[in-house]
Amino acid sequence: MSRGSLAARLLAAFLEDLDEQLRAMDADLLALEAHPADGERLRSLFRVAHTVKGAARAAAVPLVEEACHALEARLAEVRDGARTLDAGAFRALFSAADALRDAGSRLAAGEPLEGTAVERLAPLLRERGLDFPEEPAAAAGAAPPAEAPAPERGDGRVRVEEEKLDALLASAVQLVSARGRIAARVAEAAALRDACARAESRHRRATRAVRAALERAGAHAELAEALAADDDEMRHAAREAARLAAGAAAEARELGQVTDELTERVRGLRMRPFADACAALPRVARDVAAASGREVRLVVRGGDVQADRGVIEGLREALLHLVRNAVDHGIEPPGEREARGKPRAGTLVVSAALHRERMTVTVEDDGVGIDTAAVRAALERRGLPVPSDERELARTLFASGLSTRSEATRISGRGVGLDAVRAAVERVRGTLDVTWTTGLGTTFVLETPLVLATLRALLVRVGDHLLALPTSAVDSLVRIRPDAVRRADGRDVAVLDDVPVQVASLARILGPPLREARPAGAPLVAALLSAGGRRLAAVMDEPVGELEVAVRPLERPEGPLPHLLGAAILGTGDVALVLSPASLVEAAAGLAGGDPLAGTGADAPAPARHRVLVVDDSITTRTLEQSTLEAAGYDVAVAVDGVDAWTRLQQGGIDVVVTDVEMPRMGGIELCETIRGSQRFAALPVVLVTSLDSAEHRARGMEAGADAYVGKSSFDQQGLLEIIRQLVG
C-alpha cells in the first residue's frame with residue numbers, strides 16, 4: 001500500500017473516531033453542567049481528550065493533537081481539585097468541543113487548519129486555562145452535528161458505507177419493479193393457457209364431427225389419422241401452455257417472496273431510530289437558551305421509533321430549526337414565566353409515534369403560542385394577503401422570508417427557519433401543521449413516511465392518465481352525488497362523515513393536459529385525502545387498484561415539477577405519476593369555487609386554432625409545454641434549438657414562438673434578434689421561457705425584442721396560456 005493511500009485511510013479512520021468521540025463529549029458536558037460533581041462524567045471527558053490526542057497523532061494532525069494535550073492538562077486540574085467547573089469553565093469546554101468539530105469538518109473538506117479555531121485552542125488553554133471566552137471556536141454558533149452514535153466495536157456489528165446501502169436499496173427497488181412486470185407476464189401466460197384450452201376444446205369437437213363425416217363418406221383412413229394427429233398436437237399445446245403458465249405463476253410467487261424478504265431486510269439495514277435525529281437537540285436547546293436568556297428543559301420521547309435513514313436525516317434539519325425557534329420565540333424569559341404563574345424553565349417535548357405507515361413527530365412547547373397580530377402585521381408589511389382563518393394565517397409562517405421579528409438577531413428574525421422546516425419536510429414527502437393555545441404553548445406536527453424508495457399507492461385514472469396516491473394519506477374512497485356539492489367560503493364542499501370537506505377534481509388541480517372523462521350527472525368518485533391537518537375529496541374518473549410501487553425521482557434543471565413526488569413504472573410498462581397529497585390539498589385550498597366535475601379549461605371555450613412554435617432543447621420541457629398548449633386548443637410545432645426554429649419559420653404558418661434561452665447552435669436571445677431583424681417576421685410575437693430569471697436577463701430579453709419573459713422557477717401553465725391569448729387571441 002502506498003504512503004498516500006495509507007495516510008488517506010488513517011485520516012478517514014481518525015475523522016470517524018473524532019465524530020464519535022465528540023458526540024460523547026457533548027453528552028458528558030451536558031450531564032456535567034447539570035451535575036458538576038459527577039466524577040464518572042469528568043473521567044469520561046478526560047478519556048475523550050486522551051483518545052482523540054492519540055488518534056490525531058496516528059493520523060498526523062498535529063494541531064488537533066496539541067489542542068487535546070492542552071485540554072487534558074486543564075481537565076486534570078479539575079480532576080485533581082485545582083480548578084472547579086463554573087459557568088466560565090463550561091463555556092470554555094463547549095467552545096473547545098466546537099473547535100475540534102470545526103477542525104473535523106475542515107479536514108473532511110480538504111481544507112487546512114492553519115488560522116482556524118483549533119490552532120488558537122492550545123495556546124489559549126495553556127495561557128488562560130478554562131477561563132477564555134467563546135471566541136476561539138469559529139463554529140461555536142453553528143449547530144453541532146446530529147449524526148447517530150456509531151455502534152461500539154466488538155459488539156457483533158459491521159460498519160457499512162451509506163453509499164453501499166443506497167446501491168443495495170436501488171437494486172431491491174429494481175426487483176420490486178421487475179416483480180410487477182413479471183406479474184403482468186404471468187397474467188398473459190394464464191390468458192394464453194385459457195385461449196389454448198378453448199381452442200383445443202373447439203378443435204376436438206370439430207375433429208369428431210369431421211371424422212364422423214369422413215367415415216360416412218368412406219374417406220381414406222389416412223385423412224382420419226391426420227386429424228387424430230392434429231388433435232394430439234392441440235392437446236399437447238394446451239397441456240404445455242398450462243404447464244408453462246403454472247410454472248410462471250409458481251416462479252413469480254417465489255420471486256415475490258424473495259423480493260419482499262430482500263426489500264424488508266434492506267429496509268431494516270437502513271432503518272435508524274428517531275433518537276438519531278434528536279442527537280444534537282440537547283446541545284442546541286442549551287446554547288440558544290444561554291444566548292437568549294431562557295431556561296429550558298428538553299424531553300425526547302419515542303426515540304426507539306424506526307424510520308428510513310433518509311427520513312431521519314431529513315428530519316434532523318427540521319427539528320434543529322423547530323427547537324431553536326421554540327426556545328427563542330416560544331418560551332418566555334424566566335421572570336416573565338414566573339409572573340404568569342409558570343415554572344422558570346420552559347418545557348420542550350420532541351416525540352415520535354407510528355400511525356399506519358407513517359411516523360408522526362411533534363415538537364411542543366409551553367410558551368406563549370403564536371402571536372397572530374404580529375403575523376398579520378408581517379404579512380401587511382410585505383403586501384401579502386392576510387387570511388381570515390387563524391390556522392391558515394399561522395401556516396403563512398412557513399412561507400419564505402416571513403418573520404414576526406422587527407429586527408434580526410444572531411439566532412432568528414430573518415424568516416428562514418420555518419421555511420427551511422417546510423422544505424426539509426417536503427423533501428422526505430412529509431406534511432407540516434401547527435396548532436397553538438395563546439399563552440400556553442405551540443405544537444408543530446410533522447408526518448412522514450417510514451420509507452422513501454417504495455410506497456403503497458392507490459392507482460387512479462383521470463382521462464387517459466394514470467396517477468398514484470400514497471395510501472397512507474388516503475382515508476377512504478367515496479362516492480358523492482353532484483347535487484350534494486354545495487358552495488361555502490368560495491369553495492365546493494360536501495358533507496362527509498358529518499364534516500364539510502372541500503371537493504375538487506384532480507384534473508382541475510393539476511391542469512392541462514389532464515381532462516376528466518365522466519358522463520354528465522354521474523356520481524363523483526373521490527379519494528378522501530388527509531394532509532397537514534386538512535382534508536380534500538380529490539375527484540377522479542375511476543380507481544384502478546392498490547399496489548406497492550418503486551418511486552423514481554423526476555429531475556429537471558429548472559426544479560421539481562409541482563405536485564409530484566416522482567414516477568412509478570408499472571408492470572404493464574405504463575408510467576404513473578406519484579402525487580403529493582400535501583401539495584394537492586394546499587393547491588385545492590387556493591381554488592375558487594367551480595364545477596368540481598370539470599377539468600381545467602373544460603368549461604371555457606377553446607381558443608382559435610393558432611399555431612405555436614415551441615423551441616427547447618429539453619425533451620421534457622418541450623413535451624410539457626406542447627401538452628399544455630394542445631390541451632388548450634392550439635396547434636403546436638416543435639424545434640430543438642434556434643437554428644431548427646428558424647428553418648421551421650421559413651415554412652410559414654406560425655403565429656407565436658415560445659422559446660428557451662440557453663440552447664446549442666442558436667439560443668433564444670439570438671433567435672429573437674434574428675426574428676426582429678427579418679422584414680418577414682418582425683411582428684411575430686416571441687415569448688422567452690427560461691431558468692435565467694434575474695432582472696439582468698429579463699432586461700436582455702426585452703432588449704432583444706421579446707414580447708414576454710417567463711421564468712421557469714415560477715412557471716405557471718395558466719400564466720403562459722394567458723400570455724399567448726393576449727398576444728394572438
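Computed from a predicted structure; not experimentally measured. In what follows, every heavy atom counts, from backbone to side chain, and hydrogens, waters and symmetry copies are set aside. We count residues from 1, following the sequence as given.
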- request: Evaluate the criterion side-chain contact (heavy atoms from CB on, under 4.5 Å) for residue pair Val361 and Val305; output intermediate values, then yes/no.
  value: CA-CA 10 Å; Val361 177; Val305 172; over 6 Å; no
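- Residue Arg358 comes nearest to Arg429 through the heavy atom pair NH2-O, 3.7 Å, listed as atom of the first residue, atom of the second, then distance.
- Note on Asp98 versus Arg101: salt bridge recorded, some NZ/NE/NH1/NH2 to OD/OE distance being below 4.0 Å.
- Thr448 pairs by the side chain to side chain contact (heavy atoms under 4.5 Å, CB included) definition with Val311, Leu315, Met359, Val428, not counting sequence neighbours.
- A 4.5 Å side-chain heavy-atom check between Arg534 and Glu586 finds at least one atom pair inside the cut-off.
- Distance CG/Leu432 to CZ/Phe444: 7.0 Å, rounded to 0.5 Å.
- Side chain of Arg286 to backbone of Leu30: no donor-acceptor contact under 3.5 angstrom is found.
- Between Glu313 and Arg316, no side-chain nitrogen of the basic residue sits less than 4.0 Å from a carboxylate oxygen of the acidic one, so the salt-bridge criterion is not met.
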field: CA sep, side-chain torsions, deciding dist, call: Asp475, Arg535, side-chain contact (heavy atoms from CB on, under 4.5 Å)
entry: CA-CA 9 Å; Asp475 291 339; Arg535 304 179 85 195; 3.5 Å; yes
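- Ala326 approaches Asp365 most closely through the heavy-atom pair CB-OD2, 3.9 Å.
- Counting heavy-atom neighbours within 6.0 Å of Arg301 CZ, excluding the residue itself, gives a total of 12 or less.
- Salt bridge Arg324/Asp328: absent, no basic N to carboxylate O contact under 4.0 Å.
- Counting only distance, with no hydrogens or angles, the side chain of Ser580 and the backbone of Ser583 share a donor-acceptor pair below 3.5 Å.
- Judged as a side chain to side chain contact (heavy atoms under 4.5 Å, CB included), and not counting sequence neighbours, the contacts of Ser44 are Asp28, Arg47.
- Residues Phe14 and Leu107 meet the side-chain proximity criterion, which asks for heavy atoms closer than 4.5 Å.
- Between the side chain of Arg120 and the backbone N or O of Gly115 there is at least one donor-acceptor pair closer than 3.5 Å.
- You'll find the side chain of Arg337 stays beyond 4.5 Å of the side chain of Glu295, heavy atoms only.
- For the atom pair CG of Leu440 and CZ of Arg340, the computed distance is 9.5 Å after rounding to the nearest 0.5 Å.
- Taking the side chain as every heavy atom from C-beta outward, Leu71 and Met25 approach each other to under 4.5 Å.
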- request: Check step by step if side-chain contact (heavy atoms from CB on, under 4.5 Å) holds for Leu281 and Leu320.
  value: CA-CA 6 Å; Leu281 300 186; Leu320 285 172; 3.9 Å; yes
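- Once rounded to the nearest 0.5 Å, the distance linking CD of Glu66 with CG of Leu125 reads 10.0 Å.
- If you take SG on Cys68 and CG on Leu100, they are separated by 5.0 Å, rounding to the nearest 0.5 Å.
- In this structure, Asp86 and Ala89 approach most closely via the heavy-atom pair OD1-N, 2.8 Å.
- Side-chain atoms of Leu93 and Leu32, non-hydrogen and from C-beta on, never get closer than 4.5 Å to each other.
- Considering only heavy atoms from C-beta on, Leu322 comes within 4.5 Å of Leu446 through its side chain.
- Between Leu75 and Ala49, the closest heavy-atom pair is CD1-CB, 4.3 Å.
- Here the NE2-CD1 distance, from His329 to Ile331, works out to 12.5 Å after rounding to the nearest 0.5 Å.
- Residues Leu18 and Gly104 share a closest heavy-atom pair of CD2-CA, 3.7 Å.
- In this structure the side chain of Pro333 reaches within 4.5 angstrom of the side chain of Arg294, judged on heavy atoms.
- Residues Thr431 and Val425 form no side-chain contact, since every pair of their non-hydrogen atoms from C-beta on lies 4.5 Å or further apart.
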message: Run Glu77 and Arg74 through salt bridge (charged side-chain N to carboxylate O under 4.0 Å, His left out) and show every step you take.
response: CA-CA 5 Å; Glu77 293 174 354; Arg74 300 288 76 83; 2.6 Å; yes
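- Phe274 and Ser351 make their closest contact through CE2-C, 4.0 Å (heavy atoms, listed as atom of the first residue, atom of the second, distance).
- Interatomic distance, Glu114 CD to Arg106 CZ, rounded to the nearest 0.5 Å: 11.0 Å.
- Lys342 places a side-chain N or O within 3.5 Å of a backbone atom of Asp366 that can act as its donor or acceptor partner.
- Counting heavy-atom neighbours within 6.0 Å of Arg126 CZ, excluding the residue itself, gives a total above 12.
- Formation of a donor-acceptor pair under 3.5 Å by the Gln21 side chain with backbone atoms of Asp17 is not found in this model.
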task: Begin with the C-alpha distance, continue with both residues' side-chain angles, and end with the deciding distance and a verdict on side-chain contact (heavy atoms from CB on, under 4.5 Å) for Val327 and Val284.
output: CA-CA 9 Å; Val327 177; Val284 170; over 6 Å; no
